[in-house]
Every structure is written in C-alpha cells, then in structure tokens.
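Numbers for residues simply follow the sequence, beginning at 1. Just follow the structure's listing: the first ligand is 1, and inside any ligand the first atom is 1. Being a predicted model, the structure only gives us computed values, none of them experimental.
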Amino acid sequence: MSEQHHDVYPVRDDIAANAWADKAEYAAMYQRSIDDPEGFWAEQAKRLDWIKAPTKIKNTSFDRDNVDIRWFEDGELNVAANCLDRHLEIRGGDTAIIWEGDDPAESCHITYAELYDRTNQLANALKEMGIGKGDTVTLYMPMIPEAAVAMLACARIGAVHSVIFGGFSPDAIAQRVIGAQSKLVITADESVRGGKHVPLKDNVDAALTREGTEVCEEVLVVKRTGGDIDWHEGRDVWYHEMVDKQAMACPAEAMNAEDPLFILYTSGSTGAPKGLKHTTGGYLTYAAMTHQYVFDYHEGDVYWCTADVGWVTGHSYIVYGPLANGATTLMFEGVPTYPTHGRMGEIVDKHKVNILYTAPTAIRAFMAHGDSVMDSSSRDSLRLLGTVGEPINPEAWEWFYRVMGKKRCPIVDTWWQTENGGIMIAPLPGATPLKPGSATKPFFGVQPAIMDSEGQQLEGEAEGNLVILDSWPGQARSIWGDHARFVSTYFSTYDGVYFTGDGCRRDADGDYWITGRVDDVLNISGHRMGTAEIESAMVAHAAVAEAAVVGYPHDIKGQGIYIYVTLGDDVEPTDELKKELTQQVRKEIGPIASPDIIQWAPSLPKTRSGKIMRRILRKIAANECDGLGDTSTLADPSVVDELIEHRVNR
Ligand code: WTA
C-alpha cells in the first residue's frame, strides 16, 4: 500500500457555523440518503420547479442483463425554466453570468433577465430553423455567453445539445456530428485564447466535408472576432441576423424527467469516444444540490469554475448547477496564464470571486513560477477553493492552500466523471476534515466500494478498484445509440455495480484516495484521452506499422503522452517524421492529444499470444527500468533491452 499523508486540516469553525451541513448534519443526511433514497431524493427534487411533480422517485437496475436507470420518471419539468424563469421575480436584475474576456480589458455582466431574453430569442430562432424537441444540436464554441445561451435555448425547446471542446479537430467534430446525427452546428468565426485566434468555423467547414456529415443542414455562426471565414450560402447563417429579430418570449417545453438533456462525448479505453446520455430531472437535481453543498454556495456569492463548457465540469458547474441555484457564475474566455501568470488571481480580485474551482494542472503551472506568481493580486474575497479532473498531488494541494487561499480557504478535492453528472466524492467544507490528496467522503446518496480483481468487495482499509453500489440521480443513463456498450463498459466488470475505471484506496478514517485510472485511459492536464484513439490516429499514417501509447508522469500535465512507434519496412526514422506524426495526431484528434514523446521501437514487447505488454512500456516510459517484473512470458524478451537502451525520458 502506498505511503499515507498524515496532514489533516480540521474544519474551520467559522465555515462550519454558516455551512449548509456541519459534521453531524452530513452524517445524518448521508445515512438517510442510503437508508431511504426514495424519501431523501423526493425531498431534494423539491428544489426544482416541476410542471408535474414526480410521484415515482427511483427505479434503477444495475443488473447487467437489464441495466435501466430512471429517476423521477413520471415528473415533468424544463431545465431552462429552472435556470432562468423562476429566478426572474426574485433576482431578475442580479448578475447570472460575469463574462471575462481573454483580453483583460473585456468583460461584461449579464443579468438573469437578460439571459432569459437572449435564451428565448435563440430558442425561437432554433424553432424557425426547424429544430424541435428530440433533435440534436452540436455546439463547437468559444467560452462566450452565447455558449451558455445555446445550451439553455436547446433545453428550453427540448433539443438535445452535444458540446464539443474547442480544442478538437475537424475529424473529431465530424465523428461527433455523425454520432449524434446533428442537423445543426452552432459555432463562432474564431475563438480567442491566450491572444491567439482559433479558427472554429474553418474547422467546422472541414468537418462537414467528411462523409456522413450530410445530416447537418445548417451552421449558425456567432461573430466573435470578425476574422476571415468562408461562407457557404444556404447552409451558414449569422447568429446575430437570425437571433436579434426574434421575440423575447418562448414557452418552455414540458419535458419528461427522463427525456435527454445532453450528449457529451468522452474517451474510453477502447474504440471511438462514447456519447454519454444525460437526462433532465435527476441530472439537474443532482447538479444543483452538489453545487450548493460541496461549494457551500450562499446567496450573493460570486462563483468561478475555470473549466471549459466543452467538458462535463463546464456543463454541471459553470452552467446548470449554478444557474439552477440562482448563482452568479463567472465564465472566462482565456487561459489562466495569459497575459500574466497571475491572471487567475487578478480575475478573482477584479470580480470579487468567493469560490474558485479549478484543476491541479493549472495549480502546478503556477507553482512552477514560484510563490511570487500570485503577487499581482490579494485574493482576499476568496472563501473556498476546489479542484477537479485528476488526483491532486499533496505538494500542489499545499501550494494552492498556502499561496492561492492564504491558508484561509478550505479546498474541496472533488472526484467525479463525465458519466456521473456531478460530484461523487468530496469534502463538505463545514463537515469534513481535509487531507491533501484525498477526495475524502462520498456525497449524499453515493455508495462507493472497493473491489479486488476477483470481484470481492474489500472492507475497512483497502486498495483496489472503485465501484459505486447503487444509482444516484445525476448518473448517465446510456451511451447514445449504443446501450450494449454502456452495459459492457460500466456494468460487466463486476456484477450489479457501476465500475468507475479508477483505482482507489480507503484509509482507516474511511477517506477515499483516488489513485488514477486502472484502464487504458490517460489523463492529460485533466483531459481524458483513450490510448486506443491515439494509436489509431498514428497507424493511419502510411509510415507507421504499429504504435503503442502509454502515459508517463509529467510535472505540469500530470500525465504526458508517450508513443512507441514501429515503422514500416524501409521507412527512415527521422526527426522530420516525428513532426509529421505529431501533426497526424493533432489532425485526427486535436492539439490536446499532441504526443510529448515519440520513441522509435523496432518492435514492441508482446506475449506469445500477441498481446502488447503495456505494463512494461509504462515502466520504460516512466524511466523505472529496474522493476520491470516478470518478462518471461514475452515472445522475445530482447525487445525490452532495446527499448530501455533507447528510452527518451531519463
Ligand atoms: C479523474 C471530470 C482524482 C478520474 C469531472 C476520473 C480525478 C476522470 C478527480 C474523469 C479527482 C477526476 N481526483 N481523479 N478529484 N476528478 N478525476 O470524465 O480518473 O473528464 O475517472 O470528468 O478524471 O474525467 P472526466
């Protein structure tokens, strides 16, 4: 068992006194949520406005022969109405979104009333363009208010959005447009990040030349920069021309609680990315409740989640959770280190941010510049810090606590996944003592357990694979168009439980420590990448015979991408070719999948049955060549010596 970290930060009295849950309340509510999930969640559902209140609360089965997940199944509601309409009377004039541009000179405040108007106008525009309930709409957008407006407008009319992160390539866009069968793509001319323009519209144009994308008939284009773009008459429509003329009222469609709200693609260990299907009532209840309790959100707080809306964190904790709670949510267009490395702190000061939710990779990037990196701001408005996306190393945790939060702010390390819809394991600021590196305790209704490789559930202090024993309302219901894959990915490793794909340790206090993926999924700067996807991008290059991708420890990114490449006969291994292969991955997947290291491998270590021994490749990539373990089952053990000799990371 790995070494334990012993620092414990007790709950602060001033935080506990005002928190939604102190230690005793957390314990009592958690117990109730497990003993009586129906009663517990029936009560929690009341935090939303229902058109028809649900009478059936939980109807879920994790049985691999019949995986079927329904929450509030006879209820009806509309997500946009819950995020907008119901706030108008009490806080129509309050700020819903603070938008901070890439350029520090650009920012604006959008009130709930304005967001309501803009959402309705776009909703009416979508209807005019022939989009209705059940249609899918793909969003490939910058971090601008229109991204949130587009999500809410889809929700308002019952269309299903599929947001694609702006760092993905045309091929990746095409794959997702086809997967979701989207009739419409909403994008912008360009996005602006770190002073650079990214050609979003060009990427969409390129994507829509790919076979199978004919399903997409229209492209709605926000003018963000006014940069040069091609125009496809009859297909492309300017957002402002279409939207500005629309009426500001649009009735909210009554949706069943189990109608889909969105699809979100994420990487798995095998095959193409999966479109997780999230539904309406359970998702919003869970996103809103976790946002309130984990961030101890109180009326009037300014809350900032630094994620991109292209990831699930942006869905649940920039848009849906905070807006359902009537919060002020900050949306930042740029990157945290531009124009200065202290930008994050400067934004906190500028907008008096109270709650800051970010990623370990950003923290490590600051750390690399020393404590003085935050000298340009006071950050006195901060009350609470949060992290998500990957395990946080205790050093980064301590730095975040000491420098960013000036030893005043608890840190909530939140473990969860695209599949989960919302935070699953995290401290509650008024209830849970903090341990750097541990996500600590399960949220209400979440029953984590640890399994060994034989499927035995381990009790007490233990290390193994993390599973969840029963359903929670925010859970994804299926993989879009492929329920069998949903079942085989999450419910067939162990019978009757949800398999997370993460390894985990539970300590003597019952606190959970996530140790990282146990499958072939990489976590690069908190972004999920499947090794199989990167490998298939590599072998698509004519020079490549075979490729094996593994992760290795990287100071800033957490994990870096290390690729072993076997070239075809007679192909010269040159630096030029390495550049070409890097370009190849960027083209097929996007810049976020750029390889960090490529090593030429005359051959790969394989078992006699032809299976690549990734365990060995991981060790060599990590420069841990002494503990390679048993190599006797290899077809040709000498392959390993050759790889060690030419390893690149040393
Ligand atoms: C990892 C992001 C440790 C984990 C919301 C998970 C974490 C994957 C944490 C999901 C954390 C996320 N501590 N590991 N606090 N948060 N992970 O789907 O491996 O993009 O399975 O969802 O990120 O990534 P995803």
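Under the 3.5 Å distance criterion, with hydrogens and angles disregarded, no donor-acceptor pair is assigned to the side chains of Thr361 and Glu390.
Checked against a 3.5 angstrom limit, the closest N/O atoms of Thr266 and ligand 1 fall outside it. The N/O atoms of Gln417, backbone and side chain alike, include one that comes under 3.5 Å of an N/O atom in ligand 1.
The aromatic rings of Phe491 and Phe62 sit tilted relative to each other, their planes meeting at an angle between 30° and 60°.
For atom 18 (O) of ligand 1, the closest non-hydrogen atom on the protein side is Thr418 OG1, 2.5 Å. With hydrogens left out, the protein atom closest to atom 10 (C) of ligand 1 is Trp416 O, 3.6 Å, a heavy atom. Nearest to atom 21 (O) of ligand 1 among the protein's heavy atoms is Asp502 OD2, 2.6 Å. Of the protein's non-hydrogen atoms, the one nearest atom 3 (C) of ligand 1 is Pro391 N, 3.1 Å.
Distances shorter than 4.0 angstrom do not occur between any heavy atom of Trp311 and any atom of ligand 1. Distances from ligand 1 to the non-hydrogen atoms of Gly389 include at least one value under 4.0 Å.
Centroid-to-centroid, the aromatic rings of Trp397 and Tyr9 come within less than 6.0 Å. Residues Tyr317 and Phe295 place their aromatic rings such that the two centres sit under 6.0 Å apart. Checked against a 6.0 Å centroid threshold, the rings of Phe444 and Tyr293 count as neighbours. Tyr498 and Trp472 have their aromatic ring centers within a separation under 6.0 angstrom.
Between Pro442 and Met424 the shortest side-chain heavy-atom distance does not fall below 4.5 Å.
For ligand 1 and Thr414, the ligand atoms under 4.0 Å from any heavy atom of the residue are 9 (C), 11 (C), 15 (N), 16 (N).
Around atom 24 (O) of ligand 1, the closest heavy atom drawn from Met424, Arg528, Met529, Glu390 belongs to Arg528.
The proximity of Asn523 to ligand 1, defined as any non-hydrogen pair under 4.0 Å, is limited to the side chain.
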